[in-house]
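So the structure is just underneath, and the comments pick up after that.
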Amino acid sequence: MIENRFAKLLGEKRLDRRDIVKMTGLDNHTINKIYKGETSRIEINTLDKLCYALECQTSDIFRYIKESKYNSNFYYYTNYSCKKIIFIV
């Protein structure tokens, strides 16, 4: 599972989305989708600009979490949010 830490990273650096838009030149909608976790993919150029602006590594923004074979997490998406369902086998 990939954990999106973008919102947390902005909080740690005391930045808001408008700051990132100004620093990177990326579209406001792109930043909002990443911030809210509503994107399923990200362009390398976008990730490069975010890392440069935030002075961080890709692993600071997105982190891989190995899932236990005994605990499977399933996600489904609505127009407004991501819902997490946990099945313990």
Side-chain angles (χ1 to χ4, degrees):
M1 173 173 105
I2 302 296
E3 176 189 18
N4 180 345
R5 302 189 71 250
F6 183 61
K8 185 175 183 174
L9 184 61
L10 290 186
E12 290 170 0
K13 294 187 176 272
R14 296 189 181 354
L15 296 169
D16 67 15
R17 289 172 273 184
R18 290 174 296 193
D19 296 328
I20 298 302
V21 169
K22 290 176 188 173
M23 295 166 72
T24 62
L26 294 169
D27 185 64
N28 184 40
H29 298 307
T30 301
I31 297 299
N32 283 332
K33 282 185 173 187
I34 296 169
Y35 183 87
K36 294 177 181 178
E38 295 176 347
T39 185
S40 59
R41 64 184 180 93
I42 185 168
E43 296 288 332
I44 296 295
N45 304 9
T46 301
L47 192 53
D48 180 55
K49 289 178 182 181
L50 291 174
C51 288
Y52 182 80
L54 294 169
E55 298 177 349
C56 68
Q57 300 294 315
T58 56
S59 59
D60 296 326
I61 301 172
F62 298 102
R63 181 179 297 165
Y64 173 73
I65 299 173
K66 187 174 182 178
E67 294 188 46
S68 167
K69 66 179 181 178
Y70 299 109
N71 183 3
S72 299
N73 296 318
F74 294 91
Y75 294 85
Y76 68 94
Y77 295 88
T78 67
N79 289 340
Y80 303 104
S81 65
C82 174
K83 307 291 184 190
K84 182 176 182 181
I85 304 170
I86 301 175
F87 295 96
I88 301 175
V89 180

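Leu54 is listed as a side-chain neighbour of Leu10, based on a closest heavy-atom distance under 4.5 Å. Looking at heavy atoms from C-beta onward, Ile31 lies in side-chain contact with Arg17 at the 4.5 angstrom threshold.
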Item to check | Stepwise salt bridge (Lys or Arg N to Asp or Glu O under 4.0 Å) check, Glu12 with Arg14 | outcome: CA-CA 5 Å; Glu12 290 170 0; Arg14 296 189 181 354; over 6 Å; no
Next on the checklist: Applying side chain to side chain contact (heavy atoms under 4.5 Å, CB included) to Phe62 and Ile42, what does each step give before you reach the verdict?
Outcome noted: CA-CA 11 Å; Phe62 298 102; Ile42 185 168; 4.0 Å; yes
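The side-chain contact (heavy atoms from CB on, under 4.5 Å) test with Leu26 singles out one residue from Asn45, Ile20, Ile34, Leu50, and that residue is Leu50.
Under a hydrophobic-cluster definition in which Ile, Leu, Val, Met, Phe, Trp and Tyr are linked whenever side-chain heavy atoms come within less than 4.5 Å, directly or via other members, Met23 and Phe6 are assigned to the same cluster.
In this structure Asp48 satisfies the side-chain hydrogen bond (donor to acceptor under 3.5 Å, both in side chains) test with no other residue, sequence neighbours excluded.
Between Ala53 and Thr24, the shortest heavy-atom distance links the atoms CB-CG2, 3.6 Å.
Atom-to-atom distance recorded for His29:NE2 and Glu38:CD is 12.0 Å, nearest 0.5 angstrom. Annotation: the span from Ser59 atom OG to Glu3 atom CD amounts to 11.5 Å, rounded to 0.5 Å. Leu47 contributes atom CG, which lies 10.0 Å from atom CD of Gln57 (distance to the nearest 0.5 angstrom). Rounding to the nearest 0.5 angstrom, the gap separating the CD1 atom in Ile44 from the NZ atom in Lys49 is 13.0 Å. The CG atom of Leu15 sits 11.5 Å away from atom NZ of Lys22, with the distance rounded to the nearest 0.5 Å. The line from OH of Tyr64 to NZ of Lys66 is 6.5 Å long, rounded to the nearest 0.5 Å.
For Lys33, the NZ atom sits in a loose shell: 12 or fewer heavy atoms of surrounding residues, nucleotides or ligands are nearer than 6.0 Å.
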